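All values reported here derive from a predicted model rather than from experimental measurement.
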2 protein chains.
Amino acid sequence: MPDITTALKGCGECPIRHRAVCALCDPPELRELDAIKFYRSFPAGQTIVWAGDQMDFLASVVSGVASLMQTMEDGRTQMVGLLLPSDFLGRPGRGTAAYDVIATTDLVMCCFRKKPFEELMARTPHLSQRLLEMTLDELDAAREWLLLLGRKTAREKLASLLVIFARRDAALRLTRPESEFSFELPLTREAMSNYLGLTLETVSRQFSALKRDGVIRLEGKRRIVIPDFQALLAETGDDSDGGVPS
Amino acid sequence: MPDITTALKGCGECPIRHRAVCALCDPPELRELDAIKFYRSFPAGQTIVWAGDQMDFLASVVSGVASLMQTMEDGRTQMVGLLLPSDFLGRPGRGTAAYDVIATTDLVMCCFRKKPFEELMARTPHLSQRLLEMTLDELDAAREWLLLLGRKTAREKLASLLVIFARRDAALRLTRPESEFSFELPLTREAMSNYLGLTLETVSRQFSALKRDGVIRLEGKRRIVIPDFQALLAETGDDSDGGVPS
DNA sequence: CGCCCTTGTTGATCTCGATCAAGGAAACCG
DNA sequence: CGGTTTCCTTGATCGAGATCAACAAGGGCG
């Protein structure tokens, strides 16, 4: 609950921080969105919506991490969306959720009721253009993810995920990932295994291997230190120029 | 070259067929798009654009199949986009291609030069809304694909791909996939393996296994007969209600 | 027609990651 | 404070799919 206050403060105080908290609430749509937005927070582990449920709002992640999970009939699960701060949730023009949405950490979202949001969309070309841009970014991210799942080894997969975290973290701090860079892992080993298409045991073993080889250090179980970001990048198997040159 | 003529005829003659050939050329944008559209065709195997190349047009697939390919530094490749008739290629607001685009079969595309298309987008809210819808569909497809790559067995992967083909084929014929349904495979074993994150040997073995078990029959190497569509669906591992109930 | 070249099938073997199993460490709580 | 739970690590073994290799079937073309 204190998180909500923080988020609201962030929204009103500093344009830069604001940009980080709600990717949509930017001029000139800002004023109109303000009228219909509200904040919700969820504790870690809570399911926000179940696949197939009615979903009467759209939202943007303010702080924390949410994930979209897909389940097969025999119970196998795969993460199909990882929503970090500023990412968007929901599909305009659709009434029900296609995937389970889970708060992976404590989570605050900036929500918009579906009806007024869609009316605003119809009146505001800028809004759907912005949404198109964000969706295209998400599609690009999904395509990187396809390569990861289809062709990368377990070690490359984990290194790639750590790079994603490092870049997001650096973006929030308005720096670049530098030598001796450290951050908090926002996911459990199990959640990471669901992202990577592995078992949690394999994820754990790859952590140990990267640690053994000096690519990372662990402070406790959740804080990661990256002594040399380039060395980590080299472990991803990606083309040297691949991805966003964040 | 005769293909172009066919496509142009299709565009002018029958609204239903037209919808199938170019998903964008629909009223009321139709007239304005008509002015800037042109057709290009490519022989099977030809690379249309290389990743990183300048890309000064956007396009919609009229007939044939194109694929987006991503390559790792050591040569491993993964298909990250499969463009069937009516699918869209290109990203408004970006100058260079992010992936190799390859004509997997003989291909006809309806192209729009980037500049005029983007000007039209700015003037025509409907157009970016339509594009948003198509991009969201593609994102949903990518998320199904993530589940496939991350968690499905080789057999389930192949069955899932065959279902995708069957549904697309049925949609073009304006029927549903019924018992004793047959169609032409638009991809080589190698292209399928690049879609599925497998080797071509494994794909071939799974074809043999599905054939042995009576789930499919092969007429030659390219024509597939599905005696019982439900039986094929059961092999995908998906929730019974999963995906589009096409 | 015979040759090459692409595409697909099948077999033998190997390996990476899954599975099964045990135990450790930190947080939570009565 | 001990007991439970959650999260993580490590070991032993197994198996699905990769890899290496040989061959078959067309199809285009001189």
Side-chain angles (χ1 to χ4, degrees), chain A residues 43-46 65 72 74-78 102-106 148-162 184-212 216-224 235 237, chain B residues 43-46 72 74-78 102 104-106 148-162 184-212 216-224 235 237:
Chain A
Q46 181 166 329
V65 180
M72 294 175 67
D74 63 357
R76 279 172 284 173
T77 59
Q78 172 67 47
I102 295 173
T104 301
T105 65
D106 287 339
L148 178 148
L149 288 176
R151 298 302 186 193
K152 288 188 177 180
T153 64
R155 184 183 176 99
E156 289 167 341
K157 284 178 174 181
L158 181 55
S160 303
L161 183 57
L162 294 180
E184 207 71 22
L185 286 172
L187 265 55
T188 64
R189 302 287 185 268
E190 188 186 25
M192 288 188 258
S193 76
N194 278 327
Y195 182 103
L196 300 172
L198 298 169
T199 60
L200 69 90
E201 292 95 326
T202 298
V203 172
S204 183
R205 276 185 243 277
Q206 295 306 325
F207 263 110
S208 303
L210 288 175
K211 199 170 59 178
R212 169 175 47 73
I216 62 173
R217 274 181 290 137
L218 282 172
E219 296 181 347
K221 292 173 193 307
R222 284 305 190 85
R223 175 153 282 270
I224 286 277
E235 294 288 348
Chain B
Q46 182 166 330
M72 295 174 66
D74 63 359
R76 280 172 282 173
T77 60
Q78 172 68 46
I102 295 173
T104 301
T105 65
D106 287 339
L148 179 148
L149 288 176
R151 298 301 185 192
K152 288 189 178 181
T153 64
R155 185 184 176 100
E156 288 167 342
K157 284 178 174 182
L158 181 55
S160 302
L161 182 56
L162 294 180
E184 208 72 22
L185 286 172
L187 267 56
T188 64
R189 302 287 185 269
E190 189 187 25
M192 287 187 261
S193 75
N194 277 329
Y195 182 103
L196 299 172
L198 298 169
T199 60
L200 69 90
E201 293 96 324
T202 298
V203 172
S204 184
R205 276 184 242 277
Q206 295 305 326
F207 263 110
S208 302
L210 288 174
K211 198 168 62 179
R212 169 175 48 73
I216 61 172
R217 274 180 290 136
L218 283 172
E219 295 181 350
K221 291 174 191 310
R222 285 303 191 89
R223 174 153 284 268
I224 286 277
E235 294 288 348

* Asked: Of all heavy-atom pairs between Phe207(A) and Leu158(A), which one has the smallest distance, and what is that distance?
  -> N-CD2, 3.6 Å
* Asked: Once you round it to whole Å, what is the distance between P of dT9(C) and CZ of Arg222(B)?
  -> 10 Å
* Residues from residues 188-201 of chain B sitting under 4.0 Å of DNA chain D, heavy atoms only? -> Gly197(B), Leu198(B), Thr199(B), Glu201(B)
* Structure fact -> Taken to the nearest whole Å, CG/Leu218(B) to P/dG26(D) is 13 Å
* Asked: Which of the following nucleotides, dA18(D), dG8(C), dT9(D), is nearest to the side chain of Ser204(B)?
  -> dG8(C)
* Structure fact -> Tightest non-hydrogen contact, residues Leu218(A) and Lys221(A), listed as CD2-O, 4.3 Å
* Structure fact -> Nearest heavy-atom contact between Ala103(A) and Pro43(A) is CB-O, 3.7 Å
* State, with a plain yes or no, whether a side-chain heavy atom of Tyr195(A) is found less than 4.5 Å away from one of Thr104(A). => no
* Do the side chains of Leu200(A) and Met192(A) get nearer than 4.5 Å, heavy atoms only? -> no
* Structure fact -> Atom CD of Glu219(A) and atom C1' of dA26(C) are separated, to the nearest Å, by 17 Å
* To do: To the nearest Å, give me how far apart CD (Glu156(B)) and C1' (dA16(D)) are.
  => 12 Å
* Asked: For the pair made of CG in Leu158(A) and C1' in dC16(C), what is the distance, rounded to whole Å?
  -> 16 Å
* Structure fact -> Taken to the nearest whole Å, CZ/Arg155(A) to P/dT15(C) is 18 Å
* Do you know the tightest heavy-atom contact between Arg151(A) and Thr77(B)? -> NE-O, 2.7 Å
* Strictly below 4.0 Å, heavy-atom distances to any atom of DNA chain C: list the hits from residues 205-212 of chain A, or just say none. => Arg205(A)
* Asked: Roughly, in whole Å, what's the span from CG in Leu148(A) to P in dG17(C)?
  -> 12 Å
* More than 12 foreign heavy atoms under 6.0 Å from CD of Glu201(A): is that the case here? -> yes
* Structure fact -> Lys152(A) NZ to dA18(D) P, in whole Å, measures 18 Å
* Asked: Between atom NZ of Lys152(B) and atom CE of Met72(A), what is the distance when rounded to the nearest 0.5 Å?
  -> 5.5 Å
* Asked: Would you say the side chain of Arg76(B) lies within less than 4.5 Å of the side chain of Thr153(A), judging by non-hydrogen atoms?
  -> yes
